[in-house]
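To keep things clear, I will list the structure first and then write my remarks on it.
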Amino acid sequence: SSSRLWSKRQPNGSHSSLSSVAAMMAPSAPISCLLMKHPVSLGQLCHREVPWMHIPENGLAQHILAPRSGPVVGSSSQWISGSGVRGQTLTMIGASVGLTSALLGLRSIRHGVRRPRHSSCAQARSRILRTALDASTRGGRLAPLDPILEDAAYFGKGLYSQSDFLRFLQSAVPYGWADCEIDGEIPHQLHGTFYHIGPGLCERGGVVYNHFLDGDGFVNAWKLKAGQVRYKGDFVRTPEFEAEEAVGAILFRGAFGTAKPGGPLANALDLRSKNLSNTNVVQWGGRLLTLYEAAHPCLIDPGSLAYLGDESFDGLLLPGLSASSGNPFLDEVLGMGGDAFTAHPKLDPETGVLVGFSWTSKDGGIRLRTQEWDNTFQPCSPASESSEVYIPSCDSSPHDFGLTRSRCVFFENRFKLDNLAGFLLGFSGPAESLVSQPDLPQRIHILPRTLGEKAVSIDGSLSVFDVHVAHCHDGPPQGWRAEAHGRLEEDLVTAYTSSWDEFPEGSLFGSWSRETVKDFPMDLPTNVPWSDMSKTPRTRLVRHIIDARRGEVIERGVVAGCESLCMEHPTINCSYTGDARCRFIYMIVGNESGLSTPPSGLARVDVLTGETQRWLAGSRCFVDEPHFVSHDGRMGTWSPGEPHGAEDDGWILSMVFDAARGQSCLCILDASRIEAGPVGRAWLPHGVPHSLHGCFVPAVDLS
């Protein structure tokens, strides 16, 4: 029930339809407009475009005019509203009764302007903004041009635009080696290549993938030398990728529900799996490997990024789908019975060996097998001979694991394959068919790295879901006295993980349903898989203290200093892997308001003191996993031997997508002063999609 007066700009810059309104109001009186960055007078409103919000009948802020910095004088420029509608520049004044007038702080047009009851317009704006944040702006419902997204006072408050976030997931375009534009200063000590990988293709032949994690792997390579940065990006061109590329169509089913065209008839009993190779990229033993936890590693060229073949570690990994029917003949016919390799191997810096695990489904459970290699990729034996454990009634392998000096620690999240028939008949993907079991306790499996000891399985907490293991070590955490709790230090294990606040019952990926599209009052990209972060549980940094001898979890709780942080992808200075002296964990953060949102910044926590530093890139920026590189740049992500210098004497490298610019950059921060922000940025002329994991490789290692 509101009326609006619209005035099209006249060639001479006048606004005739507003002149009578202006005459009735005090031109210099401040109007406290909802979401307005600065109080303005009506006279200013008549001659400038300002951030202005349309209040629909439900009272929820939806449509925003983009701000301009100069007076409007016969310009033919255009504005874009939150709904994506374009038109000639218009100046809008809300002249209404009820809600709109109250929000604008107006008693009525005829009686002029009513000043806010608070002592200042800033206080009024703060009060109105708090109401607006609670009412309608959470969960990505702001338009990209909403002025509040550019307001630094609201960075880290959980505000973002779903339109911006979906652009962060759009398909990548291959890019040859080219120089980057430098902002600030790139440390000259950094001499090597930073590799990072993620799902880079989300549609094929006009068909959008069901889930962005079904996307084909795309490698980003940033080559740093003498303060300059060059970039190259390309897909991991596996035989499956090339086959689909040749015909321009989906030929393989995806783990997360992407199906071949033709419905169930075209997908039934076709269990062939495409190696997406989209989760991690690591360098060890002279090999650069891209990893996907449901397949074998892929070997790629460090300079051209060309695919060189699958890596089976001299036959250690068997070919085929990592599942078994229990019948060897049937497995061979269906292409089952193979091994998959983790996307998260780890280096033990003390012994200089690489530790990883393979897995396969067997007899209604999962068989896990750990293996260690030296720096020539020769298996270590006999002291670190492979260990194996069978996990019964388990349908999903652990995503990550913790490595200590003497143990490998696995957190088993409780799932069951609830729709095997649907998967076999082509109605759903294997990951889609997984259903959570929050009423069952999490199981923690501890495998010894030395001969003569037995694996231990421990029941943990109910309704928990741990994703990544940031750090793990033998003994209690720093400052925690074992004897005071009646424990022996040698029996204890400490682990830090990223963990969901809750473990909802039902399909793990039900929250990715497109049913929530209707909740967003704006035009959204349609060439990208749907993803609504607001519908997933918040992820927090959790500390576990485990007594391996008694078989019990002593403590499980959020790390001090991180209580309000929504975070993921925690990392450390990898020279401290398995080392109880490690104090600093770095992570991406979405907000500090207790919400589930996309990552828009970085944080560092001191696990001894709880001191936390944060850098927030902005509400229209999306940040990828942080990586620590030593200050002198001579040590890569994985470097054997004792740490050099202080634990935080180094740099943090992280990729950032700036939706306002439509460009991505590599940010470099001082690891000891995260809150100071980047010391340098290397900009691409375009954006690249969300990337998951990677590594820094010094130039000497590449050669």
Side-chain angles (χ1 to χ4, degrees), residues 84 162-163 165-176 197-220 232-279 290 292 294-296 298 300 305-307 310 321 334-335 422-433 509 512-517 523-532 657 662 664 686-692:
Q162 178 72 359
S163 178
F165 174 56
L166 291 180
R167 289 170 58 202
F168 184 43
L169 305 180
Q170 291 186 97
S171 293
V173 176
Y175 200 76
I197 194 171
L201 191 69
C202 57
E203 62 174 328
R204 178 78 77 178
V207 178
V208 177
Y209 292 176
N210 192 60
H211 195 288
F212 86 93
L213 289 178
D214 271 340
D216 302 270
F218 187 84
V219 182
N220 303 278
K232 178 180 175 62
D234 204 355
F235 293 102
V236 183
R237 298 182 178 274
T238 64
E240 299 95 337
F241 178 90
E242 293 287 27
E244 290 189 332
E245 188 87 341
V247 298
I250 298 172
L251 300 178
F252 301 90
R253 296 172 61 184
F256 296 89
T258 301
K260 299 184 297 182
L265 288 177
N267 291 274
L269 300 181
D270 185 354
L271 305 184
R272 293 177 303 161
S273 177
K274 179 168 60 171
N275 186 348
L276 298 174
S277 208
N278 67 4
T279 310
T290 59
Y292 173 57
H296 291 190
C298 291
I300 65 171
L305 306 184
Y307 169 81
D310 276 7
L321 187 68
L334 296 176
F423 166 54
L424 294 175
L425 295 177
F427 288 97
S428 61
E432 259 191 322
S433 304
F509 298 100
W512 302 88
S513 169
R514 292 191 65 86
E515 291 179 1
T516 59
V517 172
D523 288 341
L524 297 169
T526 57
N527 60 341
V528 61
W530 181 250
S531 175
D532 184 357
F657 171 64
S664 292
H686 56 84
V688 294
H690 181 29
S691 196
L692 299 176

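When reading the values below, keep in mind they use all heavy atoms of this one structure, side chains included, and skip hydrogens, waters and symmetry mates.
Rounding to the nearest 0.5 angstrom, the gap separating the CG atom in Asn210 from the CD1 atom in Ile250 is 9.5 Å. Annotation: the span from Leu166 atom CG to Phe212 atom CZ amounts to 11.0 Å, rounded to 0.5 Å. With rounding to the nearest 0.5 angstrom, the OG1 atom of Thr290 is 5.0 Å from the CD1 atom of Ile197. To the nearest 0.5 Å, atoms OG1 (Thr238) and CG (Asp216) are separated by 7.0 Å. Taken to the nearest 0.5 Å, the CG atom of Leu169 stands 9.5 Å off from the NE2 atom of His211. Here Arg237 contributes atom CZ and Ile300 contributes atom CD1; the two are 12.0 Å apart, rounded to the nearest 0.5 Å.
Taking both residues in full, the closest heavy atoms of Cys202 and Pro529 are given as CB-CD, 3.3 Å, listed atom of the first, atom of the second, then distance. Here the shortest heavy-atom pairing between Phe218 and Val173 reads CZ-O, 3.7 Å.
Proximity of a side-chain donor or acceptor of Gln162 to a complementary backbone N or O of Ser531 within less than 3.5 Å is detected. At distances below 3.5 Å, at least one donor-acceptor pair connects side-chain atoms of Ser664 with backbone N or O atoms of Val688.
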**Request:** Check the pair Trp530 / Leu524 against side-chain contact (heavy atoms from CB on, under 4.5 Å), numbers first and verdict last.
**Result:** CA-CA 10 Å; Trp530 181 250; Leu524 297 169; 3.6 Å; yes

**Request:** Would you please test Leu201 and Tyr209 for side-chain contact (heavy atoms from CB on, under 4.5 Å) and show each step?
**Result:** CA-CA 9 Å; Leu201 191 69; Tyr209 292 176; 3.9 Å; yes

**Stepwise side-chain contact (heavy atoms from CB on, under 4.5 Å) check, Lys232 with Leu305** = CA-CA 9 Å; Lys232 178 180 175 62; Leu305 306 184; 4.1 Å; yes

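Listed by chain and number, the residues in a salt bridge (Lys or Arg N to Asp or Glu O under 4.0 Å) with Asp214 amount to none (sequence neighbours excluded). A search for side chain to side chain donor-acceptor pair (under 3.5 Å) contacts involving Asn278 returns nothing, not counting sequence neighbours. Applying the side chain to side chain donor-acceptor pair (under 3.5 Å) test to Tyr292 and every residue at least two apart in sequence or in another chain returns nothing. In this structure, the ring pair (Phe, Tyr, Trp, His ring centres under 6.0 Å) partners of Phe241, at least two apart in sequence or on a different chain, are Phe235. Looking at residues two or more places apart in sequence or on another chain, you find no salt bridge (Lys or Arg N to Asp or Glu O under 4.0 Å) involving Glu242. For Ser691, the side chain to side chain donor-acceptor pair (under 3.5 Å) partners at least two apart in sequence or on another chain are His196.
Between the side chains of Asn527 and Gln170, at least one donor N or O sits under 3.5 Å from an acceptor N or O.
A 4.5 Å side-chain heavy-atom check between Pro689 and Ser171 finds every atom pair outside the cut-off. Annotation: side chain of Pro199 is in contact with side chain of Leu692 (closest heavy-atom distance under 4.5 Å).
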